[in-house]
Amino acid sequence: MSFSVIGTPTPRYDRQPSGRPGSARPSASRNPITGEEVPVRAPSRATEKPDKHVYKPQGIPGLDLKYLKETEDYVYKPIEIADYPLNSPGDSARTDVSWGTAASTARSYRQPSARSARSSRPVGMPGLALGDEEGPSPYTNSQKPTTPRPKQPTAWDAPPVPDPDNCPPPSERHRKMYKDYEDDMKAAYRNKGKNEYTEEEIQKVIEEVKEKHPTLDVNREDIVEKSWTKRQTHATNQYLKKMEAEELLEHNKKLKLVETVMVDQLSRAVISDPDQNVRAQMSAGRRPRGSNRSLHDSKVRTAATATENLLSKRVRFGARVLTRNGHDAIRELTGFFFSVDNTLTIYEFRQFGKSAKALPFISRGRFCHLRGPREGEPYTLIDICSGHNIHIQTSSQHSLPATLQKVPEVTFRITDVDEDEKRQILLDGIPVHEREDVYTRLHIPNKQEYTEKMVLKSINSNVQKKIRKRAIRTITGLGRFYRKADSSGTGVLYRFELEKGLFDFHIDMPPETLDALFEILDVEEKGELDYSRYMWAVIGNMIEARKSLVRKAFRKIDTGKKGYLTLSDIQKFFNSTFRPNRDPHDTGEVGPLQAFLDAVLPNKKQEEVSYVEFEEYYEGLSLSVADDEDFYSILRNTWTI
């Protein structure tokens, strides 16, 4: 059985969805949106292909596609995945999708021609200069390169004048400028040293300074000389601000300490009062719900609650520990003496980040003299003076650090005293015209103490006069000699070892003076003494104001609170640009930092500086610098404090 197709086959592109097979007449197609039938135009010539992809009603003009119009070199074929190029855009053999081809059924590509071997853009369309194409620039025919504008010559391009004498004369404007500058300089030198402040400004500044510092004696000359006005330099303003900030910090420390001490002592007084154990009879047998359940009923008023007024009569004083341990020597200690029962307590100020607290260092109690003509007598308010020592046994003190509990007694040197509070307590009820006389007579020591004090003062003045020009080398060398002789590590040496050190460093004293000195110091007649105490008695100590600044400098350098200084710490804070000309033997060949290390360290292999070595250096410097302001300036400029 055979089948045959009747009629002429219709080309693929001319085949319509509706129409009879075998018919040459094309059938009408429908608009997919409106559903209307659209007549299909038959080709006019046999060679003309019907425009199948254009759906346009009759009577509407067509679009002038110009460059996008399809040409004869387009071939339609179905879309296949294999036709997509996988090469890079820079390759010459690539296929471009035509803009006029329907994306639903077919894809068009342009056949490469000799006219466009590398690009698919139409003729006449300007191209893009991508930088990777070879050949002439696409802008060659459309743009012309512009010629740069010639640079105008300046004065720097002109050749220098070979002969300065042949220079052209200055213009009239420059002559006037030079004349004005000359007149201003002459006027400034003429007015130098004269008072450029009015009397109203000076009086106003004096009043402001007196309000901030009531105890400071300020006069007109000081204001004019120091320029305490609004015309101060920037450095002076910054220095004054820093001083005010330090004063405010110290004031806040004092307030914190006073508050802590009062709260601590009042709570101890209430708890230790036996009358507080007697409770008031209550109506019910059991305590009502929500009542006070503390150790003592605070509403019960006994004799101990009146101690608040008595404890308010206190005197604050600063103290430091006399020790060779640097960690203990730089502790910030503040003591309080209560005249109601001749008791005292000492607190330590500690800084924990931003929090500052006062911790008990010596518990409150009544302490007595351990040696001297007043041995066994309790300390009184008269004994609280700057420069005096307080000896306290460590057996009953549990708040002391382990380094101080090893010794039988600890010695505190009083650095400063609140004289206003002390005078108010001692001179209470004394007429005003008799207060100075009474205050002086209260502080006169007895005959034995006065004699010993005058002997030590005479020895100190004679020794200081001999070693003033070589004070630093003598004091640091003598301390180094004693530490080397102290093989046991206790700091106690025999008399012959102590006197041998004086002889080796050319501190000559008559034998009777040495006997009197040792008799004053060795009260118990043991034949041995602490060498630090012996050095202080022979050479003397710097005043407490200077010592306080030395301790402040050591605390700044010792950032880790180790009690000693490393070479890196010293190099970090030492100001090498400042060098006072104090030593006549200084030839200037050694730098200031190396000169300091040579005086402090016994040998070049040592890499740590203890507090004792640091203090001995400035003990010697203090002897060679008589003025306090010069000493303070040297210390501040050296360590920038």
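What you see below is based on every heavy atom in this structure, not just the backbone, and it leaves out hydrogens, waters and symmetry mates. Since the structure is predicted, the reported quantities are computational estimates derived from the model, not experimental observations.
- The shortest side-chain heavy-atom distance between Q397 and L400 falls under the 4.5 Å cut-off.
- A heavy-atom distance below 4.5 Å is not found between the side chains of P378 and F367.
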Show your working on side-chain contact (heavy atoms from CB on, under 4.5 Å) between H327 and T403 and close with a plain yes or no. CA-CA 9 Å; H327 188 68; T403 54; over 6 Å; no
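- Between R366 and N342, the side chains place no donor N or O within less than 3.5 Å of an acceptor N or O (distance only, hydrogens not considered).
- Atoms CD1 and CD1, from I475 and I539 in turn, are 4.5 Å apart once rounded to the nearest 0.5 Å.
- The shortest non-hydrogen separation linking T559 to K556 is CG2-O, 3.4 Å.
- The pair R364-D341 meets the salt-bridge criterion, with a side-chain N (NZ, NE, NH1 or NH2) lying under 4.0 Å from an Asp/Glu carboxylate O.
- Using the six-membered ring where Trp is involved, F614 and F596 have ring planes that are perpendicular, over 60° apart on the 30 and 60° scheme.
- Taking the side chain as every heavy atom from C-beta outward, L635 and T638 never approach each other to under 4.5 Å.
- Between the side chain of Y482 and the main chain of L498, a donor-acceptor pair closer than 3.5 Å is present.
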Between K552 and E332, does a salt bridge (Lys or Arg N to Asp or Glu O under 4.0 Å) hold up when you go through it step by step? CA-CA 10 Å; K552 182 179 180 180; E332 299 183 62; over 6 Å; no
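- You'll find the side chain of E449 reaches within 4.5 Å of the side chain of N446, heavy atoms only.
- Below 30°, between 30° and 60°, or above 60°: for Y439 and H443 the angle between ring planes is between 30° and 60°, a tilted geometry.
- Considering only heavy atoms from C-beta on, W536 comes within 4.5 Å of S532 through its side chain.
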Go through Y531 and R483 one step at a time and tell me if the side-chain contact (heavy atoms from CB on, under 4.5 Å) criterion holds. CA-CA 9 Å; Y531 67 83; R483 285 190 292 274; 3.1 Å; yes
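- A donor-acceptor contact shorter than 3.5 Å links the side chain of D383 to the backbone of T380.
- Between K547 and E615 a salt bridge is recorded (basic side-chain N to carboxylate O distance below 4.0 Å).
- Between E528 and K526 there is no salt bridge, since no side-chain nitrogen of the basic residue lies less than 4.0 Å from a carboxylate oxygen of the acidic one.
- Note on ring orientation: taking the six-membered ring where Trp is involved, the planes of H369 and Y379 are tilted (angle from 30° to 60°).
- With respect to the salt-bridge test (charged N to carboxylate O, under 4.0 angstrom), the residues R546 and E619 do not qualify.
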Checking side-chain contact (heavy atoms from CB on, under 4.5 Å) for the pair L502/L478: CA distance, chi angles, key distance, verdict? CA-CA 8 Å; L502 299 180; L478 183 61; 4.1 Å; yes
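- In summary, the aromatic rings of Y564 and Y611 are positioned with their centroids too far apart to meet the 6.0 Å limit.
- At a threshold of 4.5 Å between non-hydrogen side-chain atoms, the residues L404 and P401 count as touching.
- Looking only at side-chain heavy atoms (C-beta outward), L597 and L567 come within less than 4.5 Å of each other.
- For the pair R324 and D530, the salt-bridge criterion is met [side-chain N within less than 4.0 Å of a carboxylate O].
- Other residues, nucleotides and ligands contribute more than 12 heavy atoms inside 6.0 Å of the CD atom of E419.
- Heavy atoms only, all atoms of each residue included: I425 and S339 are closest at CG2-OG, 3.5 Å.
- Residues T411 and I390 are not in side-chain contact: their nearest non-hydrogen atoms beyond the backbone lie 4.5 Å or more apart.
- Counting heavy atoms of neighbouring residues, nucleotides and ligands inside a 6.0 Å radius, atom CD of E525 does not exceed 12 of them.
- At least one donor-acceptor pair under 3.5 Å links the side chain of T476 to the backbone N or O of I472.
- Residues that satisfy the side-chain hydrogen bond (donor to acceptor under 3.5 Å, both in side chains) test with K447, not counting sequence neighbours, are absent from this structure.
- For R316 against T334, the heavy-atom pair with the smallest separation is CG-CG2, 3.6 Å.
- Between the side chains of R320 and T415, not a single donor N or O lies within less than 3.5 Å of an accepting N or O.
- Considering every non-hydrogen atom in both V321 and F361, the closest pair reads CG2-CE2, 4.4 Å.
- Salt-bridge annotation for E421 and R314: absent, with no side-chain N of the basic residue lying under 4.0 Å from a carboxylate O of the acidic one.
- More than 12 heavy-atom neighbours from other residues, nucleotides or ligands sit within 6.0 angstrom of CD on Q405.
- In this structure, E616 does not pair ionically with R480, as no charged nitrogen and carboxylate oxygen lie closer than 4.0 Å.
- Here D569 pairs with K562 in a salt bridge; the nearest charged N to carboxylate O distance falls below 4.0 Å.
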Run the side-chain contact (heavy atoms from CB on, under 4.5 Å) test on L456 and L517 for me, step by step, so that the C-alpha distance in whole Å, both residues' side-chain angles and the decisive distance to 0.1 Å come before the verdict. CA-CA 7 Å; L456 294 178; L517 174 64; 3.6 Å; yes
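- Counting only N and O atoms by type, the side chains of D486 and S488 include a donor and acceptor under 3.5 Å apart.
- Residue Q424 qualifies as open at atom CD: its count of foreign heavy atoms under 6.0 Å is 12 or below.
- By the side-chain hydrogen bond (donor to acceptor under 3.5 Å, both in side chains) test, E377 is found to be paired with R374, residues two or more places apart in sequence or in another chain being considered.
- K422 places a side-chain N or O within donor-acceptor distance of the main-chain N or O of I384, the cut-off being under 3.5 Å.
- Using modelled atom types, one finds no donor on one side chain facing an acceptor on the other under 3.5 Å when comparing D437 with T440.
- Across all non-hydrogen atoms, the minimal contact from D522 to G527 is OD2-N, 2.8 Å.
- Within the model, atoms CD1 of I330 and CZ of F554 stand 5.5 Å from one another, a figure rounded to the nearest 0.5 Å.
- E348 CD to R331 CZ: the interatomic distance, rounded to the nearest 0.5 Å, is 4.5 Å.
- Judged by distance alone, the side chains of D416 and S386 never bring a donor and an acceptor atom under 3.5 Å apart.
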